[in-house]
Amino acid sequence: MDKKYLIKTYGCQMNVHESEKLAGMLQSLGYTETDIDKDADVIVFNTCCIRDGAEQKIYAHIGALKSLKKTNPNLVIAICGCMTQVKNRPETIKKKFPFVNIIFGTHNINKFKNYLIEFNSNHQYICDIWDEAKGIDEHIDMYRTSGKNAWVNISYGCNNFCTYCIVPYVRGRERSRDFDDIIKECKELIADGYKYITLLGQNVNSYGNDINDDNITFANLLRTVATLEGDFVVKFMTSHPKDLNSDVIDVIASEPKLAKVIHLPIQSGSNKVLKDMNRNYTREKYLAKIEEIRAKIPNCYISTDIIVGFPGETDEDFLDTYNIVNQIRYDGVFAFMYSKRDGTIAAAMDNQIDIKIKRERVNKLLQLSKDITKQLNQESIGKQYRIIVDSFDDAKNEYIGYTDSGKTIIVKKIDELTINNFYNVTITEYTKNKLYGVIRR
Ligand code: SAH
Ligand code: SF4
Ligand code: F3S
């Protein structure tokens with residue numbers, strides 16, 4: 001019998017990649033993929049709890065399955081991911097949605113296959129949440145769904161305990177994956193034809209800190225991956241500004257296969273707020289890193305994350321953030337309204353900020369970021385980028401390509417280009433939010 005699965009993924013790239021592991025387990029049991037709820041025999045929610053908004057959305061989506069479960073009582077509904085690791089959340093989920101069949105956590109995701117087999121045989125509700133990981137499982141069925149890009153875990157968990165953040169509580173302490181295992185996986189992916197390898201960790205820069213060998217560092221890992229043979233580009237996320245060191249910047253600058261792309265979350269431009277967030281850097285130190293990056297890697301694409309309305313954030317604090325964004329002129333800004341997460345240090349702080357003020361601040365930042373992006377696009381004429389050619393538009397007789405940072409560049413067909421090959425382009429035109437380029441030979 002043809003059984004189908006559907007996985008709903010929320011949150012960050014870590015979850016996107018973990019859903020590829022869930023898909024791999026389902027495929028190994030003979031299930032095939034569908035994107036239609038009512039066709040599915042199994043629906044898995046891979047959840048996120050970084051902000052309350054994420055959790056509310058997930059609740060609404062699970063709730064929407066109630067009627068489907070009535071018409072198809074054999075539908076299996078499983079919930080996993082970060083939300084299930086929050087204290088008492090599994091109980092809340094089961095109470096709100098008694099029709100949920102399987103709940104498991106972030107540390108035992110590789111057990112999903114066993115849970116599903118067990119449930120299919122005895123139809124008994126399963127809830128299994130572990131407090132911590134039991135080592136790193138290298139024997140994983142994986143069904144990759146990210147096109148030309150392959151995600152590669154280099155570390156799990158986080159030790160930073162930024163005071164607003166729930167990740168260390170739901171993902172556990174930082175564990176670095178074995179260096180040779182990472183390289184082996186990268187080699188296989190390159191041989192399989194993947195064009196981008198994206199190394200994943202909550203704080204990639206602290207890779208290896210838990211391994212007793214001075215040579216096991218993020219800079220060495222990057223260099224080793226970027227010097228493997230083949231036609232591919234290496235990316236990574238996410239960097240913590242306190243740990244991004246000159247070695248790493250130098251490797252990015254010198255290795256051609258490394259994308260000139262850095263996501264460096266600043267969170268706030270106010271030293272007082274940064275301190276209260278436990279970020280362990282000042283605005284001055286952060287600016288010095290940006291200067292070093294720009295001096296060593298001209299044209300580097302730099303993006304950031306910002307939280308507005310952290311407890312106690314005054315108008316002046318926000319102005320510090322606004323001004324630093326204006327000064328740095330980021331290529332991309334992800335701005336979020338602070339969301340109180342129970343159990344974190346900031347949740348217990350006084351001076352929680354009114355939602356109206358948060359909304360005003362986030363909108364100001366997003367407008368600023370939009371204006372900067374427009375200016376940067378106009379200024380990019382004459383600049384050079386590497387692109388991958390993704391497709392050809394017959395009607396318009398033009399190729400559609402993407403830079404390493406994911407920006408769309410259109411190349412009018414003058415010569416024949418090969419889909420999935422890298423080319424260097426010079427930007428010639430910017431019209432109606434579109435960038436045009438010509439191939440540089
Ligand atoms: N490990 C990464 C990603 C963390 S989560 C890092 O340190 O950069 C992604 C982003 O969500 C964070 O950078 C932060 O800007 C935002 N975030 C985390 N907790 C939040 C909270 N409680 N409220 C609002 N935004 C939050
Ligand atoms: Fe959260 Fe900070 Fe860790 Fe990022 S570095 S996951 S923001 S605690
Ligand atoms: Fe969300 Fe978990 Fe990622 S809380 S942002 S899915 S690590």
Side-chain angles (χ1 to χ4, degrees), residues 1-51 53-84 93 96-97 99-106 109-117 119-120 126 140-153 189 192-196 198 200 237 388 390-393 400 402 406 408 419-420:
M1 195 178 114
D2 183 23
K3 288 204 159 200
K4 293 199 157 43
Y5 71 88
L6 192 158
I7 303 172
K8 296 181 190 261
T9 308
Y10 304 82
C12 63
Q13 284 79 7
M14 203 64 86
N15 260 16
V16 172
H17 184 38
E18 263 155 20
S19 286
E20 297 181 325
K21 301 178 188 172
L22 296 168
M25 290 183 254
L26 285 156
Q27 298 256 350
S28 77
L29 291 175
Y31 287 82
T32 55
E33 203 177 4
T34 177
D35 52 11
I36 302 165
D37 284 10
K38 67 173 181 38
D39 290 350
D41 299 283
V42 180
I43 298 182
V44 189
F45 288 81
N46 191 6
T47 63
C48 170
C49 57
I50 197 80
R51 285 169 288 275
E55 292 202 88
Q56 295 311 325
K57 190 163 94 186
I58 294 164
Y59 282 144
H61 291 178
I62 304 174
L65 293 187
K66 191 176 173 185
S67 59
L68 191 59
K69 187 80 181 190
K70 274 202 186 122
T71 49
N72 175 13
N74 291 329
L75 170 66
V76 180
I77 298 175
I79 320 280
C80 65
C82 294
M83 201 172 158
T84 66
I93 294 171
K96 266 181 186 269
F97 313 108
F99 53 84
V100 164
N101 305 113
I102 306 173
I103 301 181
F104 57 103
T106 59
I109 184 162
N110 297 339
K111 291 269 175 289
F112 172 52
K113 197 169 161 173
N114 305 39
Y115 300 139
L116 187 57
I117 293 170
F119 183 82
N120 281 339
I126 298 171
I140 305 162
D141 300 306
M142 194 131 30
Y143 179 71
R144 293 186 184 268
T145 54
S146 291
K148 304 180 212 309
N149 175 64
W151 309 105
V152 174
N153 288 119
L189 293 166
D192 284 346
Y194 285 95
K195 292 292 172 182
Y196 296 96
T198 307
L200 286 181
M237 63 188 331
I388 191 158
D390 182 66
S391 56
F392 181 68
D393 184 334
I400 296 148
Y402 298 105
T408 308
I419 306 290
N420 259 345

Please name all residues satisfying side chain to side chain donor-acceptor pair (under 3.5 Å) with [X], sequence neighbours left out, ordered by chain then number.
X	answer
Thr34	none
Ser146	Glu20, Trp151
Thr84	none
Asp39	none

Atom pair [atom1]/[atom2] of [X] and [Y] - distance to nearest 0.5 Å:
X	Y	atom1	atom2	answer
Glu18	Ile109	CD	CD1	4.5 Å
Ile140	Asn153	CD1	CG	7.5 Å
Asp141	Gln27	CG	CD	10.0 Å
Ile77	Lys8	CD1	NZ	10.0 Å
Phe45	Ile62	CZ	CD1	5.0 Å
Met83	Ile103	CE	CD1	9.5 Å

Side chain to side chain contact (heavy atoms under 4.5 Å, CB included), that's the test. Do Val42 and Lys3 meet it? Break it down for me. CA-CA 8 Å; Val42 180; Lys3 288 204 159 200; over 6 Å; no
Where the side chain of [X] meets the backbone of [Y], is there a donor-acceptor pair that is under 3.5 Å apart?
X	Y	answer
Asn15	Thr47	yes
Ser19	Thr9	no
Lys69	Leu75	yes
Asp41	Lys4	yes

Looking at residues at least two apart in the chain, or sitting in another chain, which of them share a ring pair (Phe, Tyr, Trp, His ring centres under 6.0 Å) with Tyr194?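 So Tyr194 forms no ring pair (Phe, Tyr, Trp, His ring centres under 6.0 Å) with any residue.
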Who are the ring pair (Phe, Tyr, Trp, His ring centres under 6.0 Å) partners of Tyr31, not counting sequence neighbours?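 Tyr31 satisfies ring pair (Phe, Tyr, Trp, His ring centres under 6.0 Å) with no residue once adjacent residues are dropped.
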Give the minimum heavy-atom separation between [X] and [Y], together with the two atoms involved.
X	Y	result
Cys80	Leu22	SG-CD1, 3.8 Å
Asp37	Leu68	O-CD2, 3.6 Å
Cys82	Cys48	CB-CA, 4.3 Å
Ile79	Val100	CG1-CG1, 3.6 Å
Ile43	Ala40	CG1-CB, 3.7 Å

Is there a side chain to side chain contact (heavy atoms under 4.5 Å, CB included) between Asn420 and Ile388? Walk through the geometry before answering. CA-CA 6 Å; Asn420 259 345; Ile388 191 158; 4.2 Å; yes
Results of side-chain contact (heavy atoms from CB on, under 4.5 Å) for [X] - residues two or more places apart only:
X	result
Ile117	Leu29, Lys113
Ala23	Tyr5, Ile7, Tyr143
Asp390	Lys148, Tyr402
Val152	Arg177, Ile182, Glu185, Cys186, Leu189, Ile197, Leu199

Close side-chain approach of Leu200 to His17, heavy-atom, < 4.5 Å: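 A side-chain contact exists here, since the closest heavy-atom pair is under 4.5 Å.
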Give me each pair satisfying side-chain hydrogen bond (donor to acceptor under 3.5 Å, both in side chains) with a member in residues 55-68, each pair once, sequence neighbours excluded.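 Applying side-chain hydrogen bond (donor to acceptor under 3.5 Å, both in side chains) to every pair that reaches into residues 55-68, excluding sequence neighbours, yields Tyr10-His61, Asp52-Gln56, Glu55-Arg89, Glu55-Arg341.
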Can you sort out the partners of Lys21 under salt bridge (charged side-chain N to carboxylate O under 4.0 Å, His left out), two or more places apart, ordered by chain and number?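 Scan of Lys21 (salt bridge (charged side-chain N to carboxylate O under 4.0 Å, His left out), adjacent residues dropped) gives none.
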